[in-house]
Number of protein chains: 2
Amino acid sequence: MINYELYKVFYWAAKTGSLSKAAKSLYITQPSVSHAIKQLEDSFGITLFYRNSKGVALTQEGVTLYSYIEKSQILISLAEEKMAALKNLDSGELRIGGSDSLFKHYLLPYLESYRQKHPGIKLHLNHGTTPETIAFLKEGKIDLGVVRMPIVDSQLEVMKGIELQDCFVAGAHFAELKDKVLSLELLLQYPIILFSRNSRVRMAITELFQSYGYQIKPEIEVGSVDLLIEFARKGLGISYITKEFISKELEEGSLFEINLDIKMPPSQVGFMIMRNMPLSHAASKFIEFVKNTDEI
Amino acid sequence: MINYELYKVFYWAAKTGSLSKAAKSLYITQPSVSHAIKQLEDSFGITLFYRNSKGVALTQEGVTLYSYIEKSQILISLAEEKMAALKNLDSGELRIGGSDSLFKHYLLPYLESYRQKHPGIKLHLNHGTTPETIAFLKEGKIDLGVVRMPIVDSQLEVMKGIELQDCFVAGAHFAELKDKVLSLELLLQYPIILFSRNSRVRMAITELFQSYGYQIKPEIEVGSVDLLIEFARKGLGISYITKEFISKELEEGSLFEINLDIKMPPSQVGFMIMRNMPLSHAASKFIEFVKNTDEI
DNA sequence: AGGAGCTATAGACCACGTCTATGATCAATT
DNA sequence: AATTGATCATAGACGTGGTCTATAGCTCCT
């Protein structure tokens with residue numbers, strides 16, 4: 001089998017029309033080039049160049065070989081450029097899966113600033129439920145999943161993100177509750193708005209109430225955080241919602257937090273990646289970036 | 001600069017999905033493959049495969065690299081196949097320059113049998129005068145020129161072909177000359193048909209007559225051997241023509257040779273190639289073939 | 001005649017690619 | 001659980017082959 005290094009030498013010799021120039025381009029000596037070309041000619045049993053005192057020129061057969069090798073070498077050069085671009089994040093893909101609300105309210109600033117730094121990286125955001133996100137990860141359709149903890153799956157490696165605090169909030173319509181401290185039992189007298197059944201937050205709150213011996217049954221179920229906010233503001237009920245996602249509404253007073261006589265347990269954001277599978281460079285840099293920013 | 005051998009290893013590893021299988025395909029050991037892939041990954045600073053107990057699979061970046069390298073390697077394979085074809089004359093070009101008459105009356109049987117042996121070789125016959133043929137040779141437009149000797153050109157290497165004997169012939173109209181021996185002076189009394197001015201044969205006969213103190217002026221000048229034959233047969237004059245080209249006519253008696261009191265010097269066919277320029281494989285095999293056949 | 005290019009050849013050397021041997025891990029058996 | 005049989009990774013030794021220097025031979029140009 002022919003050593004492919006010889007084609008590299010052949011390419012430069014043909015391209016420059018000179019073994020000496022090829023040697024310079026390749027940072028080797030002229031005898032090495034001469035030797036390499038000889039090897040190639042010997043292994044084909046065909047003369048590729050004719051030599052004269054000015055340099056070398058391709059024979060008919062040499063031209064034929066060159067027509068193939070040139071394309072091949074250009075492809076390799078392109079490959080090397082592409083790899084360099086991937087390496088310094090001028091190119092690549094970052095595929096993240098997770099819930100819409102986490103993208104919008106938590107990840108967005110990171111994504112914005114990452115994109116600004118690396119505008120060549122294509123961003124794929126794939127929203128879905130936690131099980132869907134895990135499935136996508138395992139199928140290799142996404143590099144990274146961002147969901148609520150806890151996640152227990154031996155195939156996954158999970159890193160903790162920030163802590164979020166869920167709470168019940170209401171709008172002006174329930175102003176009478178503003179400075180009161182409610183028990184769970186009392187809370188359940190009011191219409192409750194919850195996120196749809198298959199979400200992690202919904203499961204968590206259902207379990208929490210069960211552990212206290214109550215069953216929480218929402219009047220309204222919605223599919224997005226925006227609707228949770230909107231419905232609460234319009235006074236249709238009391239929404240269970242992540243406090244960090246409504247800092248604007250709390251500040252401007254269009255929503256207020258309901259004080260309960262028990263502390264709601266915090267929930268944590270988790271970054272999931274596949275265990276024992278190398279991350280794409282774009283993804284690992286993104287995670288690194290989020291980690292460093294979170295710590296500061 | 002990256003050793004292109006590594007791409008060969010990468011290609012097989014990616015293609016087979018297994019370092020062990022790649023090793024077998026490449027007739028090296030598995031640790032060598034492992035080492036090579038590692039080198040490639042290190043020099044890019046990018047992980048190309050993830051490894052598991054079943055084998056290896058390309059990462060996202062690995063897939064990108066593979067998309068280039070696959071094409072590149074296929075081109076090289078095609079190149080190697082093509083070179084093998086050129087080597088055993090399944091493919092290639094044979095470009096010969098020379099006079100129409102030599103092609104038809106001398107080279108044709110060789111060309112036929114060469115073509116039969118190597119149907120993949122494209123044949124280019126380029127007819128022209130001797131100076132044109134030499135020019136084509138120097139421009140690299142033909143591999144081989146077949147002309148009348150002598151040729152004196154330091155850039156050319158000339159090999160002798162067969163000897164041809166030119167002679168004067170006539171048809172039935174001049175039957176009275178059949179068994180006579182003519183002097184040059186007497187011959188010149190008859191209408192002479194010669195090949196056109198710029199041919200080598202024409203120059204030779206002109207010089208020959210001059211060396212005896214005569215000037216030969218044709219009644220008719222023609223551009224092809226066929227016309228020389230045809231005109232002589234029709235009785236329009238006495239043609240000066242290569243005896244070997246009219247063996248059929250001499251045998252059947254439609255033409256007969258004029259006996260002269262001097263011996264016409266033989267002329268020799270010459271094969272010209274460029275000195276110090278390697279021949280195409282197709283051409284060198286053809287010359288070899290002609291030489292061997294001629295000797296037998 | 002001399003010099004400045006070019007490529008070819010010879011021979012020495014040592015880097016690096018390959019090998020063997022072994023370890024680590026995982027999955028599918030027993 | 002233990003065993004077997006795959007996989008790839010690692011370590012270290014070995015020896016080939018690619019690269020080097022030095023030099024020759026050639027052609028062209030001054």
Side-chain angles (χ1 to χ4, degrees), chain A residues 1-44 46-59 62 138 153-157 274-278, chain B residues 1-44 46-59 62 138 153-157 274-278:
Chain A
M1 201 179 295
I2 290 173
N3 184 334
Y4 283 13
E5 278 293 280
L6 300 181
Y7 292 124
K8 194 200 281 174
V9 179
F10 169 78
Y11 173 65
W12 283 97
K15 192 179 171 183
T16 60
S18 154
L19 303 195
S20 318
K21 285 191 193 123
K24 272 175 202 154
S25 302
L26 293 162
Y27 304 104
I28 57 178
T29 59
Q30 170 268 317
S32 294
V33 174
S34 186
H35 183 57
I37 298 297
K38 197 170 178 50
Q39 269 188 77
L40 207 53
E41 290 182 327
D42 287 350
S43 49
F44 286 141
I46 283 181
T47 307
L48 299 170
F49 291 100
Y50 33 80
R51 286 80 162 160
N52 57 46
S53 59
K54 285 180 198 154
V56 297
L58 288 168
T59 60
K138 292 186 181 173
D153 191 313
S154 63
Q155 286 184 61
L156 300 180
E157 188 176 329
M274 287 297 285
R275 189 181 297 282
N276 297 330
M277 277 206 189
Chain B
M1 200 179 293
I2 290 172
N3 184 336
Y4 283 14
E5 277 293 281
L6 300 181
Y7 292 124
K8 195 200 283 176
V9 179
F10 169 78
Y11 173 66
W12 284 97
K15 193 178 171 183
T16 61
S18 154
L19 302 196
S20 318
K21 284 189 194 129
K24 271 174 204 156
S25 303
L26 293 162
Y27 304 103
I28 56 177
T29 59
Q30 169 268 317
S32 294
V33 175
S34 186
H35 183 56
I37 298 298
K38 196 171 178 51
Q39 269 187 77
L40 207 54
E41 290 182 327
D42 287 350
S43 49
F44 287 141
I46 282 180
T47 306
L48 298 170
F49 290 99
Y50 33 79
R51 286 82 163 159
N52 58 45
S53 59
K54 284 180 198 155
V56 298
L58 288 168
T59 59
K138 291 187 180 172
D153 192 313
S154 62
Q155 286 184 62
L156 300 180
E157 189 176 327
M274 287 296 285
R275 189 182 296 283
N276 297 328
M277 277 204 189

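All figures in this text were calculated on a predicted structure; none of them were measured in a lab. Below, chain A is the first sequence line, B the second, and so on; all start at residue 1.
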Asker: Between A:Ala36 and B:Lys54, name the one whose nearest nucleotide on DNA chain D is closer to the 5' end.
Answerer: B:Lys54
Asker: Can you tell me how far C1' of C:dT7 sits from CD of A:Glu41, to the nearest Å?
Answerer: 12 Å
Asker: Check the pair B:Arg51, B:Ile37 against side chain to side chain contact (heavy atoms under 4.5 Å, CB included), reporting the backbone distance first and the verdict last.
Answerer: CA-CA 11 Å; B:Arg51 286 82 163 159; B:Ile37 298 298; 3.7 Å; yes
Asker: Just to be sure I understand the rule, does B:Val56 reach a base, reach only the sugar-phosphate, or reach nothing, if contact means heavy atoms closer than 4.0 Å?
Answerer: sugar-phosphate
Asker: Rounded to the nearest angstrom, tell me the gap between atom NZ in A:Lys8 and atom C1' in D:dT19.
Answerer: 14 Å
Asker: Rounded to the nearest angstrom, tell me the gap between atom NZ in B:Lys21 and atom P in D:dA6.
Answerer: 12 Å
Asker: Could you tell me whether the side chain of B:Thr59 reaches within less than 4.5 Å of the side chain of B:Phe49, counting heavy atoms only?
Answerer: no
Asker: Counting heavy atoms from C-beta on, name the nucleotide in C:dT7, D:dG18, D:dC20 closest to the side chain of A:Ile28.
Answerer: D:dC20
Asker: Rounded to whole Å, please give me the gap between CG in B:Asp42 and C1' in D:dA9.
Answerer: 13 Å
Asker: Is the distance from OP1 or OP2 of C:dA8 to the nearest side-chain N or O of A:Arg51 less than 4.0 Å?
Answerer: yes
Asker: Can you see if the side chain of A:Ser18 gets near the phosphate of C:dT7 - specifically, an N or O under 4.0 Å from OP1 or OP2?
Answerer: yes
Asker: In whole Å, I'd like the distance from the CG atom of B:Leu19 to the C1' atom of D:dA6.
Answerer: 13 Å
Asker: What is the distance from OH of B:Tyr27 to P of C:dC19, rounded to the nearest Å?
Answerer: 13 Å
Asker: Can you check whether A:Val56 reaches A:Tyr50 side chain to side chain, under 4.5 Å on heavy atoms?
Answerer: no
Asker: Less than 4.0 angstrom between a side-chain N/O of A:Asn3 and OP1 or OP2 of D:dG18, yes or no?
Answerer: yes
Asker: Determine yes or no for a side-chain-to-main-chain donor-acceptor pair under 3.5 angstrom, with B:Thr16 supplying the side chain and B:Trp12 the backbone.
Answerer: yes
Asker: Report yes if a side-chain nitrogen or oxygen of B:Ser32 is closer than 4.0 Å to either non-bridging phosphate oxygen (OP1 or OP2) of C:dG17; otherwise report no.
Answerer: no
Asker: Whole angstroms only, please: what is the CG-P distance between A:Asn52 and C:dA4?
Answerer: 20 Å
Asker: Name the nucleic acid region contacted by A:Gln30, choosing base, sugar-phosphate or nothing; use a 4.0 angstrom heavy-atom cut-off, strictly under.
Answerer: base
Asker: Tell me whether the side-chain N/O atoms of A:Thr29 come closer than 4.0 Å to OP1 or OP2 in D:dT19.
Answerer: no
Asker: What's the NE2-C1' distance between A:His35 and C:dA12, to the nearest Å?
Answerer: 14 Å
Asker: If you round to the nearest 0.5 Å, how far is CZ of B:Phe10 from CD of B:Glu41?
Answerer: 9.0 Å
Asker: In terms of side-chain heavy atoms of A:Ser53, which of D:dT27, C:dC19, D:dT7 is nearest?
Answerer: D:dT27
Asker: Would you say D:dA9 has OP1 or OP2 under 4.0 Å from some side-chain N or O of B:Ser34?
Answerer: yes
